[in-house]
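What follows is a short report on a single structure.
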Amino acid sequence: MTASLPPLPGPPDVGKVRADLTLAPVGEPEQLRADAARNRALLLDAASRLLAHCGAANLTMESVAAAAGVGKGTVFRRFKDRTGLLIALLDHRETLLQAAFLSGPPPMGPGAAAAERLHAFGPAVMRHELDHHELILASRTDPLRGYTVPAYRLRLSHVGMLLREARVEGERELIAHTLLGSIDATLVHHLACQRGVPVERLEQGWHDLLTRHGVAR
């Protein structure tokens, strides 16, 4: 007699995960927050310019400080280390993607049917991962962390919600993980840039996966 596996926990609530993405620094005086936000924006702008010019591999805390015209200590206080800086840069770009699928126009945003939103979601994320592949890889110091960061949890919850609305049967959380795995940055970059697979074929692969799970276009 084989023991049955416990049921998977349901995916996190979209609203709660979205609220967790931006947390104010604990204990920081209210009057300093506006200045802190301006300094952070200044540093991220400088880092973005350097990233475009020299790539993630050559981005350092010292170069960001010089480009922003501040002391190196200011950059370390704001981001703690280089990984923190890279994650902050990635979070800024991720926020734009999140806005598109949470509140943007259809077909990816609200106002379209769940099936239509799912079919639009994959290609958008795929192109986002390709555009920011270098930054994504540079910020991945822990391979398991990718499954616990708020950005992935939000994607998982969003896809799971749309699968429910589309009345997809089966273990929807596992299906959502499988779908997201098919558009992971490392895999997409390998197939598109190293194997020469056209992005259009990768997008068609997303549509085929959805169709196999009963999500018609």
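Position 1 is the first residue of the sequence; numbering continues from there. Here the structure is a predicted model, which means the values were calculated and not measured.
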The side-chain hydrogen bond (donor to acceptor under 3.5 Å, both in side chains) partners of His53 (sequence neighbours excluded) come to none

Using every non-hydrogen atom in the two residues, find where Leu187 and Ser182 come nearest and quote the distance to one decimal. CD2-O, 3.8 Å

Nearest 0.5 angstrom please: Asp184 CG to Ile136 CD1, how far? 8.0 Å

Using modelled atom types only, decide if a donor and an acceptor are shared between the side chain of Asp45 and the backbone of Ala41 within a distance under 3.5 Å. no

Closest non-hydrogen contact found for Ala185 with His133 is O-CD2, 3.6 Å

Spell out, yes or no, whether Leu97 and Val149 are grouped together once hydrophobic residues are joined by side-chain heavy atoms under 4.5 Å, including indirect joins. yes

Path from Val70 to Leu89 over hydrophobic side-chain contacts below 4.5 Å: yes

Arg40 side chain near Phe79 side chain, heavy-atom distance below 4.5 Å: yes

If you define the side chain from C-beta out and look only at heavy atoms, does anything of Leu154 sit under 4.5 Å from Leu102? yes

What distance do Arg172 atom CZ and His177 atom NE2 have between them, rounded to the nearest 0.5 Å? 14.0 Å

Let me confirm one number: the OG1-CD distance from Thr178 to Glu171, rounded to the nearest 0.5 Å. 11.0 Å

Step by step, work out the side chain to side chain contact (heavy atoms under 4.5 Å, CB included) result for Lys72 and Val64. CA-CA 8 Å; Lys72 184 171 65 174; Val64 172; over 6 Å; no

If you round to the nearest 0.5 Å, how far is CZ of Phe101 from CZ of Arg117? 9.0 Å

Heavy-atom closest pair, residues Ala176 and Gly160: CB-N, 4.2 Å

Note: Arg217-Glu116 ion pair, threshold 4.0 Å (strictly below): no

Evaluation steps, side chain to side chain contact (heavy atoms under 4.5 Å, CB included), between Ile183 and Arg127: CA-CA 9 Å; Ile183 53 175; Arg127 291 179 184 275; over 6 Å; no

Nearest atoms (heavy-atom pairs only) where Met108 meets Ala100: CE-CB, 3.4 Å

Please check if the side chain of His132 supplies one atom and the backbone of His128 the other of a donor-acceptor pair under 3.5 Å. yes

Just so I know, are the side chains of Thr211 and His119 near enough to count as touching, which here means a heavy-atom distance under 4.5 Å? yes

Sub-4.5 Å side-chain heavy-atom contact between Pro150 and Gln98: no

Checking Trp206 side chain against Leu118 main chain: does a donor-acceptor pair fall under 3.5 Å? yes

Assigning hydrophobic clusters by single linkage (Ile, Leu, Val, Met, Phe, Trp, Tyr; side-chain heavy-atom cutoff under 4.5 Å), is Ile87 placed with Leu135? no

Could you tell me which non-hydrogen atom of Pro106 sits nearest to which non-hydrogen atom of Gly111, and how far apart they are? CB-C, 4.3 Å

Evaluate the side chain to side chain contact (heavy atoms under 4.5 Å, CB included) criterion for residues Glu129 and His189: first the C-alpha distance (whole Å), next the side-chain angles of each, then the deciding distance (0.1 Å), finally the verdict. CA-CA 8 Å; Glu129 305 291 78; His189 182 269; over 6 Å; no

His207 side, atom NE2; Leu209 side, atom CG - distance, nearest 0.5 Å: 11.0 Å

Thr95 side chain to Asp91 main-chain N or O, any donor-acceptor pair under 3.5 Å? yes

Would you confirm whether Arg82, through its side chain, and Met61, through its main-chain N or O, come within 3.5 Å as a donor-acceptor pair? no

Residue pair Ala47 / Leu85: nearest heavy atoms and the distance that separates them: CB-CD1, 4.1 Å

Any carboxylate oxygen within less than 4.0 angstrom of a Lys/Arg side-chain nitrogen, looking at Glu173 and Arg164? no

Would you confirm whether Ser63, through its side chain, and Leu59, through its main-chain N or O, come within 3.5 Å as a donor-acceptor pair? no

CA sep, side-chain torsions, deciding dist, call: Tyr147, Leu180, side chain to side chain contact (heavy atoms under 4.5 Å, CB included): CA-CA 11 Å; Tyr147 295 104; Leu180 291 175; over 6 Å; no

Would you say CD of Gln194 has more than 12 non-hydrogen atoms from neighbouring residues, nucleotides or ligands within 6.0 angstrom? yes

Any side-chain heavy-atom pair from His158 and Met161 closer than 4.5 angstrom? yes

With a 4.5 Å cut-off on side-chain heavy atoms, are Val168 and Leu210 touching? no

In terms of hydrophobic clusters joined by side-chain contacts under 4.5 Å, are Leu51 and Leu130 together? no

Going from CD on Glu169 to CD1 on Ile175, what distance comes out if it is rounded to the nearest 0.5 angstrom? 9.5 Å

